[in-house]
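Throughout, residue positions are numbered sequentially from 1 according to the sequence presented. Since the structure is predicted, the reported quantities are computational estimates derived from the model, not experimental observations.
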Amino acid sequence: QVLLVESGGQLVQPGGSLRLSCAASKDTFRSYGMAWFRQAPGKGREFVAGINWTGAKITYADVVKDRFTISRDYAKITVYLQMNNLKPEDTAVYYCAADRRPQRMSVTLVLDEYDIWGQGTQVTVSS
């Protein structure tokens, strides 16, 4: 049973923009913090952005701050990642993930604290 499905990844030129979507298949995800991670070839999976279950707490990795925006739509049970001013170093497979603890007020950056993952969507930034 697929629980999280990402979409929106594609090839884009440097300086361009993309919006990734992560659709959840269960209403229960409204009570969980969500995050985006990414994994570039030959590298480990790294935290990009996270939003807590209320939407009141948001955290970004320093390398994407002021360029990326995470948001969530409770009616659609969907989390978005708006990516602007993309750089070649943003090239990676992007994954969304759900926090293992419901109603956590903070945003955890720890990969092992996320226990449900999507299949990933490829973002390639190249001219």
Atom pair [atom1] ([X]) and [atom2] ([Y]), whose distance is rounded to the nearest 0.5 Å:
| X | Y | atom1 | atom2 | answer |
| --- | --- | --- | --- | --- |
| S17 | N85 | OG | CG | 8.0 Å |
| I116 | T28 | CD1 | OG1 | 7.5 Å |
| T69 | N84 | OG1 | CG | 6.5 Å |
| Q13 | L86 | CD | CG | 11.5 Å |

Does the [X] side chain pair with the main chain of [Y], one donor and one acceptor, at a distance under 3.5 Å?
| X | Y | result |
| --- | --- | --- |
| E6 | Q119 | yes |
| N52 | K57 | yes |
| R30 | Y74 | yes |
| T54 | A56 | yes |
| T124 | L11 | no |
| R101 | G33 | no |
| D99 | Y32 | no |

Same hydrophobic cluster for V125 and V64, using side-chain heavy-atom links shorter than 4.5 Å among ILVMFWY?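 Both belong to a single hydrophobic cluster.
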Look at the side-chain heavy atoms of Ile, Leu, Val, Met, Phe, Trp and Tyr, link any pair under 4.5 Å apart, and say whether W53 and L109 land in one connected group. no
Side-chain H-bond candidate by donor/acceptor type, D73 with T78, under 3.5 Å: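 No donor-acceptor contact under 3.5 Å links the two side chains.
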Looking only at the side chains, is there a donor atom on one of T91 and E89 sitting less than 3.5 Å from an acceptor on the other?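 No, E89 and T91 have no side-chain donor paired with an acceptor closer than 3.5 Å.
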Taking the side chain as C-beta and beyond, is there a heavy-atom pair between [X] and [Y] under 4.5 Å?
| X | Y | result |
| --- | --- | --- |
| Y60 | V48 | no |
| R100 | Y114 | no |
| V123 | L18 | yes |
| F47 | L111 | no |

Between Y95 and F37, ring centroids under 6.0 Å: no
Taking every non-hydrogen atom, the tightest pair across W36 and V79: NE1-CG1, 3.6 Å
Work out which heavy atom in P14 is nearest to a heavy atom in S127; give both atom names and the distance.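 Looks like CD-N, 3.7 Å.
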Test side-chain hydrogen bond (donor to acceptor under 3.5 Å, both in side chains) applied to Y94 - qualifying residues, sequence neighbours left out: R38
Check the pair L20 / M83 against side chain to side chain contact (heavy atoms under 4.5 Å, CB included), numbers first and verdict last. CA-CA 8 Å; L20 305 183; M83 305 186 295; 3.7 Å; yes
What disulfide bond (SG atoms under 2.5 Å apart) pairs are there with at least one residue in residues 30-107, not counting sequence neighbours? C22-C96
Could you tell me which residues satisfy salt bridge (charged side-chain N to carboxylate O under 4.0 Å, His left out) with K43, sequence neighbours excluded, listed by chain and number?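 Listed in chain order: nothing, the list is empty.
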If you apply the rule salt bridge (charged side-chain N to carboxylate O under 4.0 Å, His left out), what do you find for K65 with D62, and how did you get there? CA-CA 5 Å; K65 201 172 294 184; D62 287 343; 3.2 Å; yes
With side chain to side chain contact (heavy atoms under 4.5 Å, CB included) as the criterion, how do Q10 and Q122 come out once you've worked through the C-alpha distance, each side chain's angles and the decisive distance to 0.1 Å? CA-CA 6 Å; Q10 64 181 56; Q122 177 70 48; over 6 Å; no
Determine whether L3 and F29 satisfy the following criterion, side chain to side chain contact (heavy atoms under 4.5 Å, CB included), listing intermediate values before the conclusion. CA-CA 9 Å; L3 300 178; F29 282 105; 4.0 Å; yes
Just one of I77, I70, L4, V107 clears the side chain to side chain contact (heavy atoms under 4.5 Å, CB included) bar with M34, so which one?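 Between M34 and the candidates, side chain to side chain contact (heavy atoms under 4.5 Å, CB included) is satisfied uniquely by L4.
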